[in-house]
Amino acid sequence: MAKVLNYNRQGYKTPMPVLDPLERAHTFSEVTLGYNAERAVSEARRCIQCSSRPCVAGCPVGVPIREFVALIAQRDFPGAYAAVKDANALPAICGRVCPQESQCEGVCMRGRKGGEPVGIGRLERFIADWADDHAQEAALALAARRAAHTGELSETTPLGGKAVPVIAPGTDLSGKRVAVVGSGPASLTCAGELAKHHAAVTVFEALHEVGGVLTYGIPEFRLPKSLVAREVAAIEALGVKFEVNTVVGKLFDVRELLDERGFDAVFVATGAGLPSYMGIEGEGLNGVCVANELLTRVNLMRAYEFPAYATPVHAGQRCVVVGGGNVAMDAARTAKRLGADVTVVYRRGRSEMPARAEEIRHAEEEGIELCTLTNPVKLHGDEQGWLTGVEVVDMELGEPDESGRRRPRAVEGSNHVIPCDMYVIAIGNKTNPLIAQTTPGLDITSRNLIVVDEETGATSVPGVFAGGDAVSGAATVILAMGAGKRAAAGIAAYLAPEGPAAAAGAEGAERVASADELAGAEGAAGAGELAGAEAAGAKDADGSGELVGAAGCTKRAEGAAGAPAPESPEHAAAPDAVSGAAEEEAALMRALLQVGVEADLAARAAAAVMRERRAM
């Protein structure tokens with residue numbers, strides 16, 4: 001990779017454009033507006049390209065951060081997108097909601113040497129949004145990268161950290177069926193990783209829309225649902241099937257998925273959606289709710305567009321939110337947009353609040369009051385059962401507890417009442433015990449968390465894997481994604497214990513993929529587009545050879561760009577042959593795109609042709 005020239009030596013991040021606070025406090029439009037190309041290049045040039053790469057060690061999914069940032073600095077946006085997307089199934093989402101300040105940016109050498117770290121999250125968001133506007137160019141770059149297996153291996157193996165497990169290149173899971181329970185970030189990541197290696201993956205979601213916490217938990221103004229739909233569609237285009245309104249543990253259990261429905265492995269990632277209560281008097285009053293209920297009504301069921309969407313929501317005039325995490329900030333900012341004056345009460349100090357600093361700052365800019373070192377002890381109501389106020393007590397900090405934070409203790413005689421007609425509880429969530437209760441032999445902790453092997457995600461039940469909040473407890477999107485990626489590697493090793501050669505041999509090296517398989521049978525695009533490409537007599541980029549048709553992907557591209565198919569394993573390992581194969585696959589994909597085949601389907605078809613050639 002060429003060195004980055006013209007370093008930007010400014011000590012602070014390139015400013016992120018945002019909506020005016022007075023405007024955004026009354027709208028659900030996205031608050032942060034994102035970088036344009038000039039801002040992104042300027043910020044990328046702040047990276048010093050240090051050899052130690054601590055940022056990679058700080059990324060739970062192993063994004064090659066140094067590489068993609070350098071590519072943005074060089075204005076190679078397609079290459080930057082390919083580097084990110086190859087490692088991260090959900091870059092547009094992570095760029096918006098991942099707590100980079102405590103992960104990759106938290107260990108950035110630029111920040112440790114004084115000043116602010118490189119805005120890695122902002123750059124990830126930029127390149128994901130750029131790809132949405134340049135879909136064909138981005139798809140070609142990604143296909144070429146995957147075909148050539150480009151990128152330094154050391155770039156995804158953090159120095160001083162543990163490498164993120166990945167499925168071994170060349171692993172073919174064709175014919176293997178995997179069930180994924182839940183459709184949140186862990187599930188989407190796991191499903192996408194397995195589908196890239198041709199496993200038949202079905203995701204079961206209890207709600208009526210896919211996305212888990214990304215859909216029901218994070219507000220539109222922080223994560224537009226159109227972006228979630230876009231990322232889900234990309235995974236669906238890989239052949240992943242989604243079944244909604246399906247509660248595993250009620251309609252059928254995990255054992256039935258394995259024994260009766262023919263799945264070879266199951267990945268459980270049901271999240272932590274069971275709300276916690278404080279257990280104080282008055283929590284049953286009208287006007288009291290948990291943050292999950294408020295956010296689900298507003299985000300998933302679009303109550304903020306009532307009556308266009310028939311979802312009622314109680315929007316008080318004076319709202320108190322208890323809690324100091326991101327969910328509390330989301331609930332408070334949502335209530336503000338519904339018309340309430342909002343106060344957040346938290347029993348520790350501001351510096352101990354676990355919410356992202358950016359979210360706290362945005363909340364204050366929007367007029368939300370923070371009342372720290374304050375804890376609710378009782379809720380007051382009227383004769384009709386409606387909330388009238390919350391009684392709180394002042395707190396002071398004592399010695400640190402097991403979390404390392406100073407333990408709060410009540411100040412005697414400091415009780416007072418904050419008038420309110422809406423009270424939202426946002427003090428954390430627990431895991432739903434349904435899967436554990438219906439899966440004999442599944443080991444769990446005293447907190448109903450599933451016990452797994454940390455390296456593979458394997459549970460105590462053979463063939464059953466788990467990850468995300470169902471294992472760790474309520475955590476972040478990116479940590480759940482890391483767990484999904486680890487579990488995918490574990491599942492692949494379980495299904496193909498002797499490695500790539502065994503996986504391919506199990507199905508026969510001579511097998512030719514059918515059109516239905518390439519299209520994922522019921523995938524978003526369907527096999528008809530490939531048939532259309534064949535009927536059109538698609539040509540390669542130079543117009544010199546016929547491409548693969550839908551009937552069996554058996555026609556050869558005699559004059560396709562790049563080197564011919566290798567004749568022996570020795571030739572296959574040669575750098576020139578690998579490069580030539582990558583160029584040939586890219587040429588095949590370009591020709592399919594030119595005759596109207598959808599980008600993801602074209603990439604899969606071109607990859608299938610090259611796999612067949614390598615097997616010959």
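Quick note: residue numbers are just sequence positions, from 1.
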### Task
Using the side chain to side chain contact (heavy atoms under 4.5 Å, CB included) rule, take His380 and Leu387 through it: C-alpha gap first, then chi angles, then the decisive distance, then the call.
CA-CA 6 Å; His380 295 266; Leu387 176 72; 5.9 Å; no

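- By the 4.0 Å N-to-carboxylate-O rule, Arg347 lies too far from Asp394 to be salt-bridged with it.
- One distance of note links OG1 of Thr476 with CG of Asp469; it measures 8.0 Å at 0.5 Å rounding.
- The pair Glu364-Arg350 meets the salt-bridge criterion, since a charged nitrogen lies less than 4.0 angstrom from a carboxylate oxygen.
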### Message
Could you walk me through whether His416 and Glu391 satisfy the side-chain hydrogen bond (donor to acceptor under 3.5 Å, both in side chains) test, starting with their C-alpha distance in whole Å, then the side-chain angles of each, then the deciding distance to 0.1 Å, before giving a yes or no?
### Response
CA-CA 6 Å; His416 58 283; Glu391 184 176 336; over 6 Å; no

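- Taking the ring axis of Phe252 as reference, the NZ or CZ atom of Arg261 stays within 45° of it and closer than 6.0 Å to the ring centre.
- Once rounded to the nearest 0.5 Å, the distance linking CD of Gln384 with CG of Leu285 reads 11.5 Å.
- With salt bridges taken as basic N to acidic carboxylate O contacts below 4.0 Å, none links Arg39 and Glu43.
- The backbone N or O of Leu295 lies less than 3.5 Å from a partner atom in the side chain of Asn299, making a donor-acceptor pair.
- Here the rule is side chain to side chain donor-acceptor pair (under 3.5 Å) with Glu366, and of Lys336, Arg361, Arg337 only Arg337 fits it.
- Look at Glu30 and Arg222 and you find no salt bridge, because none of the NZ, NE, NH1 or NH2 atoms lies under 4.0 Å from a carboxylate O.
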#### Entry: ring-ring contact (aromatic ring centres under 6.0 Å, His included) between Tyr304 and Phe28, intermediate numbers included
CA-CA 8 Å; Tyr304 68 92; Phe28 280 81; 4.2 Å; yes

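- Using bins of under 30°, 30° to 60° and over 60° for the plane-to-plane angle, the ring pair His314/Trp386 lands in the tilted bin.
- A donor atom on one side chain and an acceptor atom on the other are not found under 3.5 Å apart for Gln317 and Asp421.
- For the residue pair Asn88 and Glu124, a side-chain donor N or O sits within less than 3.5 Å of a side-chain acceptor on the partner.
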### Task
Please step through ring-ring contact (aromatic ring centres under 6.0 Å, His included) for the pair Phe242 and Phe204, ending with a clear verdict.
CA-CA 6 Å; Phe242 293 92; Phe204 298 97; over 10 Å; no

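- Expressed to the nearest 0.5 Å, how far CD1 of Ile93 lies from CD of Glu231 amounts to 5.0 Å.
- Atom OG1 of Thr27 sits about 13.0 Å away from atom CG of Leu22, to the nearest 0.5 Å.
- Cation-pi contact between Arg125 and Tyr35: absent, since separation from the ring centre below 6.0 Å together with deviation from the ring axis within 45° is not met.
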